[in-house]
Protein chains: 2
Amino acid sequence: MRVTIKDVSRVSGVSIKTVSRVLNKERYVGVETRAKVEAAVAELNFRPSTAARSLAGKRSFQIALICDNPSPYYVYEMQSGIRDRCAQDGVRMIAQPYDRNAATLLDDIENLVDATHVDGLILTPPVSDHPQVLDLLERRGVRFVRVSPGSAVDLASSTFIDNERAARVMTAHLLELGHRRIGFIAGHPSYATSGQRMRGYARALGQEGLSLDPILVREGSYDFASGARAAEALLALDVPPTAIFASSDDMAAGVLTVAHRRGLAVPGQLSVAGFDDAALAGFVWPPLTTIRQPTREMAYQAADLLLAPADAPIERREVAFELIVRESTGPVAQG
Amino acid sequence: MRVTIKDVSRVSGVSIKTVSRVLNKERYVGVETRAKVEAAVAELNFRPSTAARSLAGKRSFQIALICDNPSPYYVYEMQSGIRDRCAQDGVRMIAQPYDRNAATLLDDIENLVDATHVDGLILTPPVSDHPQVLDLLERRGVRFVRVSPGSAVDLASSTFIDNERAARVMTAHLLELGHRRIGFIAGHPSYATSGQRMRGYARALGQEGLSLDPILVREGSYDFASGARAAEALLALDVPPTAIFASSDDMAAGVLTVAHRRGLAVPGQLSVAGFDDAALAGFVWPPLTTIRQPTREMAYQAADLLLAPADAPIERREVAFELIVRESTGPVAQG
DNA sequence: TTGTATGCGTTATCAT
DNA sequence: ATGATAACGCATACAA
């Protein structure tokens, strides 16, 4: 049979309530009493039932991650970071299935909240900016933390990198190498990060006195195929760009593939830059120059904010990015 | 406040128990009664509390995935397949953190089982062959399904592909192209699939009257770095192989990178074959010839077996693999 | 600092 | 086919 708090109470010779106190690390427990209880817990191998705890108490010891991203690496890093933090508090993570094309998103989330009594949610783009989801959670008084929010940033705590500055740094790097026609592949507009990165690109150009040429800017959707399509279009221009800055690594991989099929040497005839440095770090060939986005760290901090005391103030926590320069962004080719 | 079964009972005018019957799709409920209850459920937007259900009943409507794999793509596909199946039954998935290096695996799993009362577990390699874990679950009477088990395959239901035959098919393909010195990079021995794939390689050689040359076989660990290391060693041989069969895609990517750094044309001077076709499908350049392992389908079937009626017999469900031939495995170079 | 009684929302048992 | 009532294992309010 199952070991219950009652058994611990009996073995240790104290009341159920006192055992509960020890489990929840409440104050006002005698040192001796605590020791007795802990001994009994260890002896019986007692593990409190999450179901009973969440039914009786205010906490469920579960949080949920709402994450639908085209990149498995992103998802993996998000989960890893969150779990690292949750493990410290004995909290579990529910990986909620979410199909970005599903019309049932709102219903799914409401169902999740009601059914599991999760202590909180972590939202990643593009859900972190979904007005109706935010509204729903606010109305229901459910705690949540947003990753990379783009609007209403003071609604709840969040973690992020400075996407605009990162894109500016990357673009400036390309400009410094002598590039003047730099193609840019944006993400889907529903991702706030897409606009942020595009603005960084535009500002870096402006600082060099260059104006943004709309023909050099394409819309992708952060995945391989859209990056390849955009590259095809850019490289087919009468005056093609000498460098392409894809605002995600998967799209950059698409660019590389297309460049190769067209017989272009990289970086000899085309410089390629990416953004994220997860999917392709280490093993795409040739290596990309990228902005490294510390996804795992953002996730860890998001969980940290979510697990903070209920009265903790709303906090925006910025994480540092890094420019990783590899051989693929060489100077402009001679002649 | 929270909507409870009591509210539904009041609004629909039937007893709590009858509402429960409708929710659980039990028999012996009048058509009219059922309709009334369903109307009330919809009107009140009632969602039963998972916590209360698992406390009172025998089911928790939650299952857990124990998966620690070096490849984010594998993890992603596993989760996706499982969630697709679980969604049909309104069951949730807990993604249990598991560090393959952790000494606490057994304790973690026991804790998970006790704390959450999960209805079952899905185990992926190498945990699917972990003797103590299997023993623990058996002892505790916890239901579980194994993915790609290597031993004691009748212990519980499982899903798998015929790894040995797949490796044989791949190797035969290379032999047919004229290759006679084919390097092989195995996975870590703790993965049963590693031995299975190696045996397939050896058998294919045998069928051509070739004996396995131990110097051409290296041990990796299914990740990029180990594949690169093994390739370095193989290509540094006095008589290097003309083809390398890496038994995972990540290792194959390592091989490709090393080949490139050494100035080898692929497939001109070296043919490269992989296994899995998840991480690299579509975007590694040059494309690999691989065995496509339908991870998502294996996951879906695993969940299907786990959610089957309690009295369902133990079942081994095989899923088909596919040989994907791309340009990278060309014939042996002339001269 | 410790103990007692009550209730969380559902399923299970046993009635009718 | 439907209903009343006792669990389930824990936290909470309130006492002592």
Side-chain angles (χ1 to χ4, degrees), chain A residues 1-38 40-41 44-62 90 111 113-119 310, chain B residues 1-38 40-41 44-62 90-92 111 113-119 310:
Chain A
M1 271 322 295
R2 157 168 269 286
V3 178
T4 74
I5 217 177
K6 217 167 183 171
D7 301 315
V8 178
S9 155
R10 191 166 22 73
V11 170
S12 59
V14 302
S15 77
I16 289 186
K17 173 57 196 169
T18 302
V19 174
S20 175
R21 284 199 177 87
V22 173
L23 293 177
N24 294 299
K25 304 187 199 310
E26 288 175 31
R27 288 176 312 181
Y28 307 129
V29 180
V31 195
E32 244 178 78
T33 318
R34 158 163 289 125
K36 274 193 295 187
V37 171
E38 280 168 350
V41 166
L44 297 173
N45 223 281
F46 167 70
R47 334 257 189 177
S49 155
T50 309
R53 298 231 272 188
S54 56
L55 191 57
K58 298 181 180 13
R59 300 184 57 191
S60 73
F61 299 90
Q62 291 192 322
N111 192 26
V113 167
D114 285 337
T116 66
H117 317 301
V118 281
D119 295 333
Chain B
M1 271 323 294
R2 157 167 269 286
V3 179
T4 75
I5 220 178
K6 218 168 186 171
D7 301 315
V8 178
S9 156
R10 191 166 22 74
V11 169
S12 59
V14 303
S15 78
I16 289 185
K17 176 58 195 169
T18 301
V19 174
S20 175
R21 283 199 178 87
V22 173
L23 293 177
N24 293 297
K25 303 188 201 307
E26 289 176 30
R27 289 176 314 180
Y28 308 128
V29 180
V31 195
E32 242 178 80
T33 318
R34 161 164 287 128
K36 274 193 296 187
V37 171
E38 280 167 351
V41 166
L44 297 173
N45 222 282
F46 168 70
R47 335 257 187 175
S49 154
T50 310
R53 299 231 272 189
S54 57
L55 188 57
K58 296 180 177 21
R59 301 184 58 192
S60 72
F61 299 90
Q62 290 192 321
V91 168
R92 296 191 194 282
N111 191 26
V113 167
D114 285 337
T116 67
H117 318 301
V118 281
D119 295 332

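Note that this is a predicted model, so its numbers are computed, not measured.
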Euclidean distance, atom [atom1] of residue [X] to atom [atom2] of [N] [Å, nearest integer]:
| X | N | atom1 | atom2 | answer |
| --- | --- | --- | --- | --- |
| A:K17 | D:dA13 | NZ | P | 9 Å |
| B:Y28 | D:dG3 | OH | P | 17 Å |
| B:D7 | C:dC8 | CG | C1' | 14 Å |
| B:K58 | C:dT11 | NZ | C1' | 8 Å |
| A:E26 | D:dA11 | CD | P | 8 Å |

Quiz item: To the side chain of A:R21, which of D:dC14, D:dT2, C:dA12 is closest?
Solution: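 The listed nucleotide nearest to A:R21's side chain is D:dC14.
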
Exercise. Go through the steps to decide whether B:K17 and B:E26 satisfy the test side chain to side chain contact (heavy atoms under 4.5 Å, CB included), and finish with yes or no.
Key: CA-CA 11 Å; B:K17 176 58 195 169; B:E26 289 176 30; 4.0 Å; yes

Practice problem: Can you sort out the partners of B:R34 under side-chain hydrogen bond (donor to acceptor under 3.5 Å, both in side chains), two or more places apart, ordered by chain and number? | Solution: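 side-chain hydrogen bond (donor to acceptor under 3.5 Å, both in side chains) check on B:R34 returns nothing, list empty.
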
Quiz item: Got a sec, which residues hit side-chain hydrogen bond (donor to acceptor under 3.5 Å, both in side chains) with A:T18, two or more places apart in sequence or on another chain?
Solution: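 Per chain and number, A:T18 pairs via side-chain hydrogen bond (donor to acceptor under 3.5 Å, both in side chains) with A:S15.
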
Quiz item: Is there a donor and acceptor pair closer than 3.5 Å between the side chain of B:R59 and the base of C:dT11?
Solution: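 No.
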
Quiz item: Is A:V8 close to A:V11 at the side-chain level, that is, under 4.5 Å between some pair of heavy atoms?
Solution: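 A:V11 vs A:V8: side chains apart.
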
Exercise. Mind checking B:T33 for me? I need base, sugar-phosphate or nothing, with any heavy atom below 4.0 Å counting as a touch.
Key: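 Sugar-phosphate: the residue B:T33, judged by heavy atoms under 4.0 Å, touches backbone atoms but no base.
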
Quiz item: Does C:dG3 have OP1 or OP2 sitting under 4.0 Å from an N or O in the side chain of A:T18?
Solution: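 Result: yes.
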
Quiz item: Would you say the side chains of B:H117 and A:R2 form a donor-acceptor pair under 3.5 Å?
Solution: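 The answer is yes; a qualifying pair exists.
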
Quiz item: Given A:L23 and A:I5, is the side chain to side chain contact (heavy atoms under 4.5 Å, CB included) satisfied, shown in steps?
Solution: CA-CA 10 Å; A:L23 293 177; A:I5 217 177; 4.0 Å; yes

Listing time: all N or O pairs from protein to nucleotides 7-10 of chain D that are below 3.5 Å?
unit_1, atom_1, unit_2, atom_2, d
D:dC8, O2, B:A56, N, 3.4
D:dC10, OP1, A:S49, N, 3.3
D:dC10, OP2, A:I5, N, 2.5

